[in-house]
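First the proteins, then the strands, lettered A, B, ... as listed; each starts at 1. Model, not experiment: these values are computed from the prediction.
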Amino acid sequence: MPIKVFNTLTGGKEDFIPLEKGKVRMYVCGPTVYDLSHIGHARSAVSFDVVYRYLRYSGYDVVYTRNYTDIDDKIINRANKDGVNWKDLAERYIEAYNEDMAALFVEKPTHTPRATETIKEMIDLIGTLIKKGYAYVMDGDVFYSVRKFVGYGKLSGKNIEELESGARVAVDENKDDPLDFALWKKSKANEPSWESPWGQGRPGWHIECSAMCLEKLGETLDIHGGGKDLIFPHHENEIAQSETATGKPFVRYWLHNGFVNIEKEKMSKSLGNILNIRDALKAHTPESVRLFLLSSHYRSPIDYSGDSLKEAEAKAERFYRTVERMEEEWPEILKKKAAAGVVKKRMRPIIEAMDDDFNTAGAIGIIFEEVAGANRMMDGAKKDKLTEELPVVRAVFKEASKFLGVFSSTHEEYFAKRKKMTGLPAKAVERLIKEREEARKKKDFKRADEIRDELKRQGIILEDTDEGTKWTGTSFHF
RNA sequence: GGCGGCGUACCCAAGUGGCUAAGGGAGCAGUCUGCAAAACUGCCAUUCAGCGGUUCAAAUCCGCUCGCCGCCUCCA
């Protein structure tokens, strides 16, 4: 059964068949590095991380490229405002981005080129477009003639006439046509610039992706991804540039992820509700943030709120609690290896969900059926059944975590993170627990309950078990 | 105005032609517990925004109506 993907180009689900058998070339638009990355960047990166992981899991050899836009108006403006060098600024935010991604279990793509490493290729590409008559030089700027490209609008479903009627009147217009976009921008004094046949300048935004795709992946890509907002004009322009230059189809399957809203509102500078990844991670475990992002289909809009993250944390906790119980109550059984055939059979519904346009929400739902099943078995404590089944469940968790990237921590790692999120240092908590234990021994339940209540106010939940009292932190919320 | 999407229980959410409409959270009752917590068990949508149509059969396809959202400008 082939994997089905939703292709923006055709507006429907299609069987995924790469150009070259067994090999996938994929590209995703990365961040413009002028500030800390927000939860929307996280969604795009996590969504396509799952695509990358799952295609490899399915047996494909995947070459995945994700760029950094490290030269852009926003970077220059921000650097000027902060009084720092634009290159240092970009460098700093590339590092921050990588830290955030690592925290969210996002794997490093095969290639992560920077726009500024590909200037020569961009200049060559622009030269080709001019030579073919699709681009023109205007006083040091170079523009692409949108009207010349017959297929313009095929990705976004727009037509040129409507675009023109809706086009705003640009100030200081150098272009032949308002629809034309810049391939190369003449630099002003004190701006970063590169030498080109058209004078000192820097590349436009769209050309960098075309150049990097061509350089790292070739003329035709299997998958090109990004946020829904990039469909127009960014991806539309990439198609125009690339297909004009190569004469070949640029991308076989266009994949676009939906937005993250904050408390039902779109994240935007003007509303001041941009949520940085690191702020999100101060209040929630990375496991829960990633689980939140994967608990809805990647194309749907999702709403980030205190409640939605609380639910995700509850899910993560339920999962890791079950794993903890499996490993602590039945360690000798878990050492047994599950039969590969049985595991494969149990993975089938999960695989079916994933094959259907990477339905992570469906796959996670099935994992929680396994979680309930495992708990039921352990409650029943029928040794024969457990010996047969528990290793299978454990193996299913491990397999699924390979492509979901959640459920891949150990329960120790997860609960250690939770414990760090409380209002008290671990030592103080342990001391109070000890005091409570002594009170309990003396049957002073009033004092014992006082301590438990006090800890609860600090975000700490106690659990009395046969092996003593355990504790965990509940996450704080903004 | 143009293009696209969505509306499934109290909340989140999967399911897009045919077994009892996944899963999580919240809630209620029970087992366990000093009491809790966790886990488990049971309950929690005869129905999928509304209306009409196609079909042996629809949450799923078609039409209309209502409501919400995104893109059309830098944006994940």
A.B. asks: Would you call K158(A) and E236(A) a salt bridge, taking side-chain N to carboxylate O under 4.0 Å as the test?
C.D. replies: no

A.B. asks: Please determine if R457(A) and D453(A) form a salt bridge, counting it only when a charged side-chain N lies under 4.0 Å from a carboxylate O.
C.D. replies: no

A.B. asks: Tell whether D464(A) reaches the base of C35(B) with its side chain through a donor-acceptor pair below 3.5 angstrom.
C.D. replies: yes

A.B. asks: On the side chain of D229(A), is there an atom forming a donor-acceptor pair with the base of G70(B) - under 3.5 Å, no angle test?
C.D. replies: no

A.B. asks: Using both distances under 3.5 Å as the test, list the Watson-Crick or G-U wobble partner of A49(B), or none.
C.D. replies: U65(B)

A.B. asks: Dump the pairs, protein N or O against N or O of nucleotides 40-43 of chain B, anything under 3.5 Å, distances to one decimal.
C.D. replies:
residue, atom, partner, partner atom, Å
C40(B), OP1, N375(A), ND2, 3.3
C40(B), OP2, R318(A), NH1, 3.3
C40(B), O4', D379(A), OD2, 2.6
U41(B), OP1, R376(A), NE, 2.2

A.B. asks: Would you measure the distance from the P atom in C68(B) across to the matching atom in C62(B) and give it in whole Å?
C.D. replies: 23 Å

A.B. asks: Do NZ/NE/NH1/NH2 and the carboxylate oxygens of R431(A) and E435(A) come within less than 4.0 Å?
C.D. replies: no

A.B. asks: Check whether the aromatic ring of F368(A) stacks on the base of G23(B), taking stacking as ring centres less than 5.5 Å apart and planes within 30° of each other.
C.D. replies: no

A.B. asks: Are any of the side-chain nitrogens in D449(A) or R452(A) under 4.0 Å away from the carboxylate oxygens of its partner?
C.D. replies: yes

A.B. asks: Can you find a heavy atom in the side chain of E238(A) that is under 4.5 Å from one in the side chain of C29(A)?
C.D. replies: yes

A.B. asks: Given the P atoms of A58(B) and A49(B), what is the spacing between them in whole Å?
C.D. replies: 15 Å

A.B. asks: Between the side chains of R66(A) and D49(A), is the shortest nitrogen-to-carboxylate-oxygen separation below 4.0 Å, so that they form an ion pair?
C.D. replies: no

A.B. asks: Quote, to the nearest angstrom, the C1' distance that separates G23(B) from A45(B).
C.D. replies: 15 Å

A.B. asks: Searching all strands shown, indicate the nucleotide that pairs with U55(B) (Watson-Crick or G-U wobble; both distances under 3.5 Å).
C.D. replies: none

A.B. asks: Below 30° counts as parallel, above 60° as perpendicular, anything between as tilted: where do the rings of F368(A) and F319(A) land?
C.D. replies: perpendicular

A.B. asks: Between C1' on A38(B) and CG on D466(A), what's the gap in Å once rounded to a whole number?
C.D. replies: 12 Å

A.B. asks: Tell me which nucleotide among A76(B), C74(B), G34(B) gets nearest to the side chain of P233(A).
C.D. replies: C74(B)

A.B. asks: Taking A13(B) as the reference, what is the distance to A21(B) when you measure between their C1' atoms (whole Å, please)?
C.D. replies: 13 Å

A.B. asks: To the nearest Å, give me how far apart CG (N273(A)) and P (A76(B)) are.
C.D. replies: 15 Å

A.B. asks: Would you mind pulling out the nucleotide paired to C19(B), Watson-Crick or G-U wobble, both distances under 3.5 Å?
C.D. replies: none

A.B. asks: F181(A) vs Y144(A) aromatic rings, parallel, tilted or perpendicular, using cut-offs 30° and 60°?
C.D. replies: parallel

A.B. asks: How many whole angstroms separate atom CD of E161(A) from atom C1' of G1(B)?
C.D. replies: 15 Å

A.B. asks: Would you please test E263(A) and N273(A) for side-chain hydrogen bond (donor to acceptor under 3.5 Å, both in side chains) and show each step?
C.D. replies: CA-CA 9 Å; E263(A) 306 283 356; N273(A) 62 349; over 6 Å; no

A.B. asks: Taking atom P of U33(B) as reference, at what distance in whole Å does atom CG of L462(A) sit?
C.D. replies: 19 Å

A.B. asks: Provide, to the nearest angstrom, the distance between the NZ atom belonging to K266(A) and the P atom belonging to U73(B).
C.D. replies: 12 Å

A.B. asks: Do you know the tightest heavy-atom contact between V429(A) and I460(A)?
C.D. replies: CG2-CD1, 3.5 Å

A.B. asks: Mind checking the P distance from C61(B) to G7(B)? Whole angstroms is fine.
C.D. replies: 11 Å

A.B. asks: In whole Å, I'd like the distance from the CD1 atom of I461(A) to the P atom of A39(B).
C.D. replies: 12 Å

A.B. asks: Classify the side-chain pair T285(A)/E313(A) by whether it contains a donor and acceptor separated by less than 3.5 Å.
C.D. replies: yes

A.B. asks: Taking only the side-chain heavy atoms of N359(A) (C-beta and beyond), determine which of A14(B), G34(B), G23(B) contains the nearest atom.
C.D. replies: A14(B)

A.B. asks: Which part of the nucleic acid, if any, lies within contact of S156(A), taking any heavy atom under 4.0 Å across all strands shown: a base, the sugar-phosphate backbone alone, or nothing?
C.D. replies: sugar-phosphate

A.B. asks: Using the C1' atoms only, state how far U55(B) lies from C12(B), rounded to an integer number of Å.
C.D. replies: 34 Å

A.B. asks: Nearest nucleotide by nearest heavy atom, which residue falls closer to the 5' end of RNA chain B, M267(A) or F445(A)?
C.D. replies: F445(A)

A.B. asks: Using the P atom as the point on both nucleotides, what is the distance between C40(B) and G25(B), in whole Å?
C.D. replies: 9 Å

A.B. asks: Name the closest nucleotide to the A448(A) side chain, picking from A76(B), G34(B), G23(B).
C.D. replies: G34(B)

A.B. asks: Rounding to an integer number of Å, can you tell me how far K441(A) NZ sits from G34(B) C1'?
C.D. replies: 15 Å

A.B. asks: Let me have a per-nucleotide readout for nucleotides 5-13 of chain B, 5' to 3', with B, S or -, counting only protein heavy atoms under 4.0 Å.
C.D. replies: ------BSS

A.B. asks: Looking at E328(A) and K470(A), is there a salt bridge between them, counting it only when a charged N and a carboxylate O are closer than 4.0 Å?
C.D. replies: yes

A.B. asks: What nucleotide, of G23(B), G34(B), C72(B), holds the atom closest to the side chain of E369(A)?
C.D. replies: G23(B)

A.B. asks: Sticking with atom P, work out how far C66(B) lies from C74(B), rounded to a whole angstrom.
C.D. replies: 33 Å

A.B. asks: One thing to verify: whether K385(A) and E388(A) come together as a salt bridge, which I'm taking to mean a side-chain N less than 4.0 angstrom from a carboxylate O.
C.D. replies: no

A.B. asks: Ring centroid separation for F250(A) and H224(A), is it under 6.0 angstrom?
C.D. replies: yes

A.B. asks: Is the distance from OP1 or OP2 of G2(B) to the nearest side-chain N or O of N159(A) less than 4.0 Å?
C.D. replies: no

A.B. asks: Do the side chain of R452(A) and the base of A36(B) come within less than 3.5 angstrom through a donor-acceptor pair of N or O atoms?
C.D. replies: yes

A.B. asks: Got a list of protein N/O to nucleotides 19-21 of chain B N/O distances below 3.5 Å?
C.D. replies:
none

